[in-house]
There are 2 protein chains.
Amino acid sequence: MFFQIDFDNRLAIYDQVVRQITFAVAGGVLREGELVPSVRELARELTINPNTVARAYRQLQDHGVLAGVRGTGLAVAAGAAKQCREERVGLIRSQLEQVFGEARQSQIDPRKFRTLVEQELERQMPDGAGKAESRKPKAEG
Amino acid sequence: MFFQIDFDNRLAIYDQVVRQITFAVAGGVLREGELVPSVRELARELTINPNTVARAYRQLQDHGVLAGVRGTGLAVAAGAAKQCREERVGLIRSQLEQVFGEARQSQIDPRKFRTLVEQELERQMPDGAGKAESRKPKAEG
DNA sequence: TATACTGTATTACGTCGATAATACAGAGGG
DNA sequence: CCCTCTGTATTATCGACGTAATACAGTATA
């Protein structure tokens, strides 16, 4: 499947599942109408408990990302893609707020911090370098 | 005192205390040899349990940041400043790795992500703007 | 010496996230 | 109809974190 669980992460497992499904829908990996793995199947795959998956799925239903197809399972709801893209920006922004806030509070030298940020940015998202870039015809969301 | 606890944060309280003490030492807010608040005093101040503070203090002792002064309390250990500055960079870098990694996995557009980063950077650390800046004669690690 | 402070240790309790083992109703497919 | 899949619900157990209430040894200070 398209994602994995980080057991060392402090984030609750069901929350990780929620995020990853959200990101998958936002990125088009999961399209509207497409069925998600069953509770038991995903649980087996991630070696976690079915109840944990069920909890994540229920939350995703409450948020309108998934919708039940009677007798068949759960599918990505109509209009979920746009909603998830917005949710994605919100989640990422809040993460940045927290990390940057702690960095600021730590009294690290702002220039040194910016260097750190640039390094990581370059290391993990080389495509976003500089301002413009020669379009690479590589797979992209 | 110089820090505060975020009870909504998923991070354990004792861990928040450890980080903040570490950052305070790294930033020179707490200097080597200086006494830290007593277990009970800090607990009262942060409205948390003395045991929680004690746990944080013990961990800081194990890491060599604090050292006991018999019958008096705990003080910032010799050589802790440099150690904490290194620790600070490591902590911040690992936070950045995690957030950037999740962003990358979310398949957000790299340019959009960079914009988000720049926005937050500007919003929280305006001093780090551009490349150079009028040197402020402020304390720095 | 007596008091008040220091850190430390112990035991009990509550919450929350996760696991585990079930059980149930509903629908698809042979 | 029967079997198997679906999501859902329930109850119990476990561990980590935090709280709470003590108790203790050691030291500074009056």
Review point. Does T72(A) or Q16(A) map to a spot on DNA chain C nearer the 5' end, using the closest nucleotide for each?
Key: Q16(A)

Exercise for review: Specify the separation, in whole Å, of atom CG of L11(A) and atom P of dC16(C).
Suggested key: 17 Å

Point to revise | For atom CZ of F7(B) and atom C1' of dC17(D), their distance in whole Å | key: 13 Å

Review point. So which nucleotide from dG17(C), dG7(C), dG7(D) ends up closest to the side chain of L74(A)?
Key: dG7(D)

Check your understanding: Can you find a side chain N or O atom of Q61(A) that sits less than 4.0 Å from OP1 or OP2 on dT8(D)?
Key -> yes

Check your understanding: Checking only heavy atoms, does the side chain of R40(A) share a donor-acceptor pair with the base of dG7(D) at less than 3.5 Å?
Key -> yes

Revision key, fill the gap. Of all heavy-atom pairs linking A77(A) and G64(A), the shortest is CB-O, 3.2 Å

Exercise for review: Determine: side-chain N/O of Y14(B) to OP1/OP2 of dG18(D), distance under 4.0 Å, yes or no.
Suggested key: no

Point to revise | Length of the line joining R55(A):CZ and dT19(C):P, which is rounded to integer Å | key: 11 Å

Practice item. Would you mind classifying the nucleic acid contact of R58(B) as base, sugar-phosphate or nothing, using non-hydrogen atoms under 4.0 angstrom? Key: sugar-phosphate

Exercise for review: Go through the N and O atoms of the side chain of N51(A) and the base of dA18(C), and report whether any donor-acceptor pair is under 3.5 Å.
Suggested key: no

Review point. Which atom names give the shortest non-hydrogen contact between F100(A) and V117(B), and what distance separates them?
Key: CE2-O, 3.7 Å

Revision key, fill the gap. On DNA chain C, more 5' by nearest nucleotide between V39(B) and R10(B) is V39(B)

Review point. Between atom CG in N49(A) and atom P in dG15(D), what is the gap in whole Å?
Key: 16 Å

Exercise for review: Report the distance from atom CZ of R44(B) to atom P of dG7(C), rounded to the nearest whole Å.
Suggested key: 12 Å

Revision key, fill the gap. By nearest-nucleotide position on DNA chain D, the 5'-leaning member of S38(A) and I13(B) is S38(A)

Check your understanding: In whole angstrom, what separates L42(A)'s CG from dT6(D)'s C1'?
Key -> 14 Å

Review point. If only side-chain N and O atoms of R70(A) are considered, is one of them under 4.0 Å from the OP1 or OP2 phosphate oxygen of dG26(C)?
Key: no

Check your understanding: Between R88(B) and Q107(A), do the side chains contain an N or O donor and an N or O acceptor separated by less than 3.5 Å?
Key -> no

Practice item. Answer with yes or no whether the side chains of Q20(B) and Q105(A) bring together a donor and an acceptor at under 3.5 Å. Key: yes

Check your understanding: How far apart are the closest heavy atoms of Y57(B) and S38(B), and which atoms are they?
Key -> CE2-C, 4.4 Å

Exercise for review: Specify the separation, in whole Å, of atom CD1 of I5(B) and atom P of dT19(D).
Suggested key: 10 Å

Point to revise | Whole-Å distance separating the CG atom of L46(B) from the C1' atom of dG18(D) | key: 14 Å

Review point. Would you say a side-chain N or O of T52(B) is under 4.0 Å from OP1 or OP2 of dC17(D)?
Key: no

